[in-house]
**Q** 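Handing you a structure now.
Computation of the quantities below employed the complete heavy-atom set of this structure, encompassing side-chain atoms and omitting hydrogens, waters and symmetry-equivalent molecules. Protein chains get the first letters and strands the later ones, always in sequence-line order, with residue 1 at the start of each.
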Amino acid sequence: MTELRLEPAQPYSFERTTRRLLLFEKTFYRYRGGCFYRTLRLGHRPVTVKLDWEAGGVRVRVEEDLSRKERELLERLVRRMLSLNVDLQPFYEQMKKEPRLAPVIRARAGLHFMLDPTLYECLIKTIVSQQLNLSFAGTLIRRLVELAGETLEYGDERLPVFPTPEQVARLEYTDLQKLQFNRRKAEYIIDLSRMIADGRLDLEALERLPDEEVVERLVALRGVGRWTAECLLLFGMGRPNLLPAADIGLRNALKKLYGLAHQPTEAEVRQWGEDWAPWRSYVTFYLWDFLSG
DNA sequence: TGCCAGGAATTGC
DNA sequence: GCAATTCATGGC
């Protein structure tokens, strides 16, 4: 048994930050008795990690005894996934000047990004989500994971472990077509997984590059357009200043908030977004949260 | 029913 | 070059 206690930068709301897990991440995150849990790989070893909020900090528990190295890995991973080191105070100060956004943001004080544990997981989930409603996308992701990944016994449940690129690389396109992926999407997912498994593509190396260069390298890959690249920067890396201006959810949220008769164009969103730098990802994220309730 | 989903590649002009 | 079409299917 291993237990960590991690203190976040203030303000931090665990409840607001984890809310999206209940709405959109039901395949990986289970919620029982006030506690979230999912599987994560520490190196190559998958373990079940439990997360809850206790006395002003995040409590992280794993059944197994972990080595010192694994504990450090776990702490780094959870800190990154829950954005525990991000100070939102400057964002809140800046947004006081935005009359229409300010109330939306104030009502969500302490809401932070909830990142995917790996860039690979984020990439695959984002590609599957292209153009599909979130509910169907969630179904496809669950089917992919059940086909390619292993599971972990936990109590009377079997928890899915997100597959490695190597596991997905072994599939054939028709395996995914049988799961109701369209042919092209099956190709994107398997081809990218093979590139990573073969060492032709190193996603982790992108962490060291500035936003625009990451976008440039990602959009060169078949199946990755600007929207997908920006989502990866946002949900995979937690970069603060991305504006997926073409995103249908963001545009619908602005339509709702601004009381527009029509859906704003990508150009209009980019125009308004200039005032939000260097916090454009957070405005996007708060507007997505606004749209979903 | 028909149209839209937190798009991207391909085709057609 | 850029607009139109294609993709699979669930949800409203």
**Q** Would you give the length of the straight line joining atom CD of A:E187 to atom CD of A:Q177, rounded to the nearest 0.5 angstrom?
**A** 8.0 Å
**Q** For DNA chain B, which nucleotides open and close the run of contacts to chain A, 5' to 3', at under 4.0 angstrom from a non-hydrogen atom?
**A** B:dA5 to B:dT10
**Q** On DNA chain C, which is the earliest and which the latest nucleotide, 5' to 3', with an atom closer than 4.0 Å to a heavy atom of chain A?
**A** C:dT6 to C:dG11
**Q** Got a sec, which pairs hit side-chain hydrogen bond (donor to acceptor under 3.5 Å, both in side chains) with one end in residues 104-114 of chain A, sequence neighbours left out?
**A** A:R108-A:D289
**Q** Say you pick atom P in B:dG6 and the same atom in C:dT6; how far apart are they, in whole Å?
**A** 23 Å
**Q** Mind checking what makes side chain to side chain contact (heavy atoms under 4.5 Å, CB included) contact with A:A205, not counting sequence neighbours?
**A** A:D202, A:R208
**Q** Set out, in order, the CA-CA distance, both residues' side-chain angles and the distance that settles ring pair (Phe, Tyr, Trp, His ring centres under 6.0 Å) for A:F113 and A:F235, then state yes or no.
**A** CA-CA 7 Å; A:F113 291 166; A:F235 284 119; 7.1 Å; no
**Q** Does any residue of residues 108-134 of chain A have a heavy atom under 4.0 Å from DNA chain B, and if so, which ones, in number order?
**A** A:Q130, A:Q131, A:L132, A:N133, A:L134
**Q** Assign the ring pair A:W279 / A:Y282 to parallel, tilted or perpendicular, where the plane angle (0 to 90°) is split at 30° and 60°.
**A** perpendicular
**Q** Give the residues of residues 224-234 of chain A touching DNA chain B, defined as any heavy atom closer than 4.0 Å, sorted by residue number.
**A** A:V224, A:G225, A:R226, A:W227, A:T228
**Q** Please determine if A:E3 and A:K50 form a salt bridge, counting it only when a charged side-chain N lies under 4.0 Å from a carboxylate O.
**A** no
**Q** Does NZ or CZ of A:R183 fall inside the cone over A:Y173's six-membered ring, less than 6.0 Å from its centre and within 45° of the axis?
**A** no
**Q** Reading DNA chain B from 5' onward, which residue's closest nucleotide shows up sooner: A:S135 or A:V219?
**A** A:S135
**Q** Grab the two heavy atoms, one from A:A229 and one from A:V219, that are nearest each other, plus how far apart they are.
**A** CB-CG1, 4.2 Å
**Q** Among residues 247-267 of chain A, which contact DNA chain C at a heavy-atom distance under 4.0 Å?
**A** none
**Q** So which of residues 178-190 of chain A are in contact with DNA chain B, with a heavy-atom cut-off of under 4.0 Å?
**A** A:R184, A:Y188
**Q** Taking only Lys NZ, Arg NE, NH1 and NH2, and the carboxylate oxygens of Asp or Glu, determine whether A:R76 and A:E72 approach each other closer than 4.0 Å.
**A** no
**Q** Just to verify, what does A:T118 make a side chain to side chain contact (heavy atoms under 4.5 Å, CB included) with, not counting sequence neighbours?
**A** A:Y120, A:E121
**Q** For nucleotides B:dT11 and C:dA8, find the distance between their P atoms and express it as a whole number of Å.
**A** 14 Å
**Q** Partners of A:Y31 by side chain to side chain contact (heavy atoms under 4.5 Å, CB included), sequence neighbours excluded?
**A** A:L22, A:F36
**Q** Going by an N to O cut-off under 4.0 Å, is there a salt bridge joining A:E75 and A:R79?
**A** yes
**Q** Give the other cluster members for A:V161, using side-chain heavy-atom distances under 4.5 Å between Ile, Leu, Val, Met, Phe, Trp and Tyr residues; answer none if it is isolated.
**A** A:L152
**Q** Suppose you measure atom C1' in B:dC3 against the same atom in C:dC7; what distance do you get, rounded to whole Å?
**A** 15 Å
**Q** Need one value for A:F285: base, sugar-phosphate or nothing, where a base atom within 4.0 Å counts as base even if backbone is also close, heavy atoms only.
**A** nothing
**Q** If every non-hydrogen atom of A:R30 is compared with every non-hydrogen atom of A:P160, which pair is closest and at what distance?
**A** NH2-CD, 3.6 Å
**Q** Taking 4.0 angstrom as the limit, do A:R251 and A:E266 come out as a salt bridge?
**A** no
**Q** Not counting sequence neighbours, which residues clear side chain to side chain contact (heavy atoms under 4.5 Å, CB included) with A:T126? List them please.
**A** A:C122, A:W227, A:T228, A:C231
